[in-house]
Amino acid sequence: MTEILELRLDELHAIGALPDGGTYRPLYSDAWAEAVKRVERWFKDAGLKTTRDAVGTLWGRAEGTDKGKSIVTGSHIDTVRRGGRLDGALGIVAGLTAVETLLATKGKPRRTLEVVAICEEEGSRFATNFWGSRAITGRIDKVDADIAQAMRERGLDPAKISAAARDDIDTFVELHIEQGALLEASGAALAVVSAIVGTAHLEVTVTGRPDHAGTTPMELRRDALAGAAVMIQAVESVARSLGKPAVATVGRVRAEPDQINVIPGRAVFTIDLRHSDLSARKALEQRIRSLCATVASERGLQFAIRMLQEWPPVPMHPEVRAVLARAAQDTGVAAEEMVSGAGHDAQILAARCRVGMLFVPSIGGRSHCPEETTSPEHLALGTHVLQRALELLAY
Ligand SMILES: [Zn+2]
């Protein structure tokens, strides 16, 4: 199995490969279209009936002997800029390889089995995060002009997006790389995901007073950036003190007027907050808000916090988790349970079907970069467990 996995992953990785390393297959680009075509050919060669939905997501279907909803596996086909070889690609290649093997060895499934190459998840070209899975769950209500134009260039009609919605999926399971270093640290070869973290994106604006850097003594300053710096340290220490899986990141800072000899009158920074438990995530946010308020009042600053975006944590379905755990056991693999710190299509699809995910270790925890790798043994092992899970669900 290792050989065919590596071969297909190499083939996909070459589509959109950049001269300085990594690959880039943004939604509706030439590389994206070529990759979809390649996977479509693989699906057909495996005996799957292929269709493309209204946003360009590719489905490969093996009809079951029973009527009823489908068992689906797969992942997203788009990548971030200078992305690696496995994020998304693994779930498609492993899903196809698992289904192909099942069809060859076990024959026609009882439940309809489908492999999906979801058109987009990363939001790396447009502000479209989860575009494919949002279309599947009927949750796209507006289409920006630039996306609509890109769709038309690929022969897709933006007015027909609602036709992509599905209500005939029973279960979605996805094999993905961990994109972190927890499995590597624990030495486990596989994880069954228990939940996908909830994320809040906040923007904090600190307002002080711009003054002359030479003539304003220290005690008379209302330095917005110095205040923001104390707040940023507080953000980090609050997350540390709450412990795993709480994380908080300040990724962007801007000072105004951004002059070497002027005391900053305004500072704006972002906070990315994540936790698998919604009340813990809200508690984290509350602690940060109150610490920022303390810092602002001590320094004579004003501050405002704006919520930019919020995604709730999504637990994986307990029955699917149990199937995945059993599949690991049947395959002789000791699997851990883990919370996913990254977002995945499963969190969107959970609104319409039962979902579950498997993670294999990322070497050095590296992901979203050309160095993204997982050992061939772990790739094969994850695919074997996925295959067993699909067998338990569909046969
Ligand atoms: Zn991914």
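Treat the numbers as computed from the prediction; the structure is a model and nothing was measured. As the structure lists them, so they are numbered: ligands from 1, and atoms in each ligand from 1.
Annotation: cation-pi geometry satisfied between Arg8 and Trp42 (NZ/CZ under 6.0 angstrom from ring centroid, within 45° of ring axis).
Under the ring pair (Phe, Tyr, Trp, His ring centres under 6.0 Å) criterion, Trp311 pairs with His201, not counting sequence neighbours.
Applying the salt bridge (charged side-chain N to carboxylate O under 4.0 Å, His left out) definition to pairs two or more places apart or across chains, those involving residues 375-395 are Lys106-Glu391, Asp330-Arg388, Arg388-Glu391.
Think of Val247 as one node in a network of Ile, Leu, Val, Met, Phe, Trp and Tyr side chains linked at under 4.5 Å; it has no links at all.
Of the possible donor and acceptor atoms, none in the side chain of Arg354 sits under 3.5 Å from a partner among the backbone N and O of Ile169.
Within the protein, the number of N, O or S atoms lying under 2.8 Å from the Zn ion (ligand 1) is 3.
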Pair Arg281, Leu278 - check side chain to side chain contact (heavy atoms under 4.5 Å, CB included), show working. CA-CA 5 Å; Arg281 217 264 292 125; Leu278 186 60; 3.9 Å; yes
